[in-house]
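Worth knowing before you read on, the calculation uses all heavy atoms, side chains too, and leaves out hydrogens, waters and symmetry mates. So that the names make sense, note that chain A is the first sequence line, chain B the second, and so on, each numbered from 1.
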2 protein chains.
Amino acid sequence: MDNEARKLREYEQRLRDEGVRITRPRRAILQILSQAADHPDAMELFRRALAIDPTISLSTVYRTMKLLEDKGEIQRHAFAGGPARFEQAAGEHHDHLIDIDTGDVIEFHSERIEQLQDEIAHRLGYDIVHHRFELYGCRRKRK
Amino acid sequence: MDNEARKLREYEQRLRDEGVRITRPRRAILQILSQAADHPDAMELFRRALAIDPTISLSTVYRTMKLLEDKGEIQRHAFAGGPARFEQAAGEHHDHLIDIDTGDVIEFHSERIEQLQDEIAHRLGYDIVHHRFELYGCRRKRK
DNA sequence: ATGCAAATGCAAATCGTTTGCAACTGGAAA
DNA sequence: TTTCCAGTTGCAAACGATTTGCATTTGCAT
């Protein structure tokens, strides 16, 4: 089964429906996103995109990521001390654990934490618009 | 009681003990920090410092904040979409709620959340080095 | 007082990201 | 299927936050 090709077609369809033009560079980026399992930054996306469309420019990568973010197709994360990194928006909410040594990102979700957030915000008299919850750590050494 | 003057003297003493030279610009910045109740960024610190020492430069502000961070006297926070903001390290650990409309920072602490973090990291096989937990919201409108 | 490593101000460099602009291109309409 | 033009592109220059090189001062131990 070609899951990635399906994803790509769905991306294009949803965007077309919103009146977004599917251009050559955009198709290249959508293709990359539909096969990405990690959290690449703009430069990495640019590198991967060059392999598909050698005429693409870094500014177009940035412009396209902005567009996709606005359309809700991707999420942008600004982890500590590095460039923004992106991931497909599909899937339910999760937070991130960043491996300090490798830069790897592990996703996790805790309903308890979500509840606590709401509780805290409510107690302080605020409505949460969004939050950032990131753990930075290293793989526990076996003892 | 002159709490701020005392804080200033303590800052200087601790730094001297670590072999740090107390220069004019550094004294100005320490003075500002000891009276700051908010979370100013470098430019704001620079502005306030100019009032005390009109010859101070922005690079010295940055260099001093780096120094103070290394010495554990202050903490640096990179809230979403803005310059780094600083606060005195004194006091126990807390997280932040950022008022989206005003930029105000409210501090809070939840032992439950700290526990949950450790639990999650442990389950994923990681040791937490540090974390970032920020709520972004706006004041709840009275209904 | 003296000496010198450490700290400073300035300007230029850096990094990630955005923008102005002239040239190009989807894709709707004819 | 060709025409058309607003939307999109690549490029280079601009950007904001922060860092750095360097020649000049300045703490502060002697």
Side-chain angles (χ1 to χ4, degrees), chain A residues 9 11-32 39-71 73-86 103, chain B residues 11-32 39-47 49-71 73-86 103:
Chain A
R9 256 181 287 116
Y11 267 131
E12 293 195 12
Q13 195 50 61
R14 278 196 304 272
L15 290 170
R16 278 211 161 82
D17 290 349
E18 294 216 62
V20 172
R21 280 197 196 170
I22 304 303
T23 64
R24 207 151 73 90
R26 282 178 185 170
R27 212 189 317 271
I29 290 173
L30 291 176
Q31 182 182 328
I32 289 164
H39 299 65
D41 60 29
M43 188 53 77
E44 175 60 24
L45 287 169
F46 178 50
R47 257 181 251 113
R48 298 184 194 177
L50 278 180
I52 301 175
D53 172 3
T55 74
I56 200 173
S57 78
L58 182 55
S59 0
T60 294
V61 172
Y62 276 110
R63 279 191 277 234
T64 302
M65 296 325 276
K66 170 89 90 79
L67 173 76
L68 295 179
E69 193 187 1
D70 291 347
K71 296 300 182 185
E73 295 293 334
I74 61 162
Q75 270 185 261
R76 170 191 306 255
H77 301 291
F79 299 133
R85 300 171 64 170
F86 307 91
Chain B
Y11 268 130
E12 294 196 11
Q13 194 51 58
R14 277 195 305 273
L15 289 169
R16 278 212 160 81
D17 291 348
E18 294 216 62
V20 172
R21 281 196 195 172
I22 304 303
T23 64
R24 208 151 73 91
R26 283 177 184 171
R27 212 189 315 273
I29 290 173
L30 291 176
Q31 181 182 330
I32 289 163
H39 298 66
D41 61 28
M43 189 51 79
E44 175 60 25
L45 287 169
F46 178 51
R47 256 181 252 113
L50 278 179
I52 301 175
D53 172 1
T55 74
I56 200 172
S57 78
L58 181 54
S59 2
T60 294
V61 173
Y62 277 110
R63 278 191 277 234
T64 302
M65 296 326 274
K66 170 88 90 78
L67 174 77
L68 295 179
E69 191 187 4
D70 291 346
K71 296 300 182 188
E73 295 293 334
I74 61 162
Q75 270 184 261
R76 173 192 304 256
H77 301 291
F79 298 133
R85 299 172 63 170
F86 306 91

Practice problem: Rounded to the nearest angstrom, tell me the gap between atom CD in B/E69 and atom P in D/dT18. | Solution: 11 Å
Quiz item: Going by an N to O cut-off under 4.0 Å, is there a salt bridge joining A/E69 and A/K66?
Solution: no
Quiz item: Does OP1 or OP2 of D/dC11 have a side-chain N or O of A/S59 closer than 4.0 Å?
Solution: no
Quiz item: When the distance from CZ of B/R16 to P of C/dA7 is rounded to whole Å, what number comes out?
Solution: 13 Å
Quiz item: Counting only Watson-Crick or G-U wobble pairs whose two distances fall under 3.5 Å, which nucleotide matches D/dT30?
Solution: C/dA1
Quiz prompt | Step-by-step side chain to side chain contact (heavy atoms under 4.5 Å, CB included) determination, A/I29 to A/I56 | solution = CA-CA 10 Å; A/I29 290 173; A/I56 200 173; 4.1 Å; yes
Quiz prompt | Interatomic distance where CG belongs to B/D53 and C1' belongs to C/dA7 [whole Å] | solution = 13 Å
Practice problem: Using the closest heavy atom to pick a nucleotide of DNA chain C for each, name whichever of B/R24 or A/G82 lands nearer the 5' end. | Solution: B/R24
Quiz item: If every non-hydrogen atom of A/A28 is compared with every non-hydrogen atom of A/D53, which pair is closest and at what distance?
Solution: CB-CB, 4.2 Å
Quiz item: Do A/R21 side-chain and C/dA28 base share a donor-acceptor contact under 3.5 Å?
Solution: no
Exercise. Ignoring hydrogens and angles, tell me if any N or O in the side chain of A/R26 forms a donor-acceptor pair with the backbone of A/R21 under 3.5 Å.
Key: yes
Practice problem: Assess whether one donor atom and one acceptor atom, taken from the side chain of A/R26 and the base of C/dG26, lie less than 3.5 Å apart. | Solution: no
Practice problem: Check every atom of C/dT8, C/dT17, D/dG10 against the side chain of B/R63 and return the nucleotide holding the closest atom. | Solution: C/dT8
Exercise. State whether A/T23 places a side-chain N or O below 4.0 Å from either non-bridging phosphate oxygen (OP1 or OP2) of D/dT9.
Key: yes
Self-check item: Spacing between B/Y62 atom OH and C/dA13 atom P, to the nearest angstrom
Solution: 19 Å
Quiz item: Going by modelled atom types, is there a donor-acceptor pair between the base of D/dG27 and the side chain of B/R27 at under 3.5 Å?
Solution: no
Quiz item: Over how many whole Å does the gap from A/E44 atom CD to C/dG16 atom P extend?
Solution: 13 Å
Quiz item: Taking for each residue the nucleotide of DNA chain D with the nearest heavy atom, is it A/I56 or B/A84 whose nucleotide lies nearer the 5' end?
Solution: A/I56
Quiz item: Between D/dA17 atom P and B/F86 atom CZ, what is the distance in whole Å?
Solution: 12 Å
Exercise. Return the value, rounded to whole Å, for the distance between atom CG of A/L67 and atom C1' of C/dT19.
Key: 16 Å
Quiz item: For D/dC22, what is the paired nucleotide under Watson-Crick or G-U wobble rules, both distances under 3.5 Å?
Solution: C/dG9
Self-check item: A/E44 bridged to A/R48 by N-O distance under 4.0 Å
Solution: yes
Exercise. Please state how far atom NZ in A/K66 lies from atom C1' in C/dG16, giving the value in whole angstrom units.
Key: 14 Å
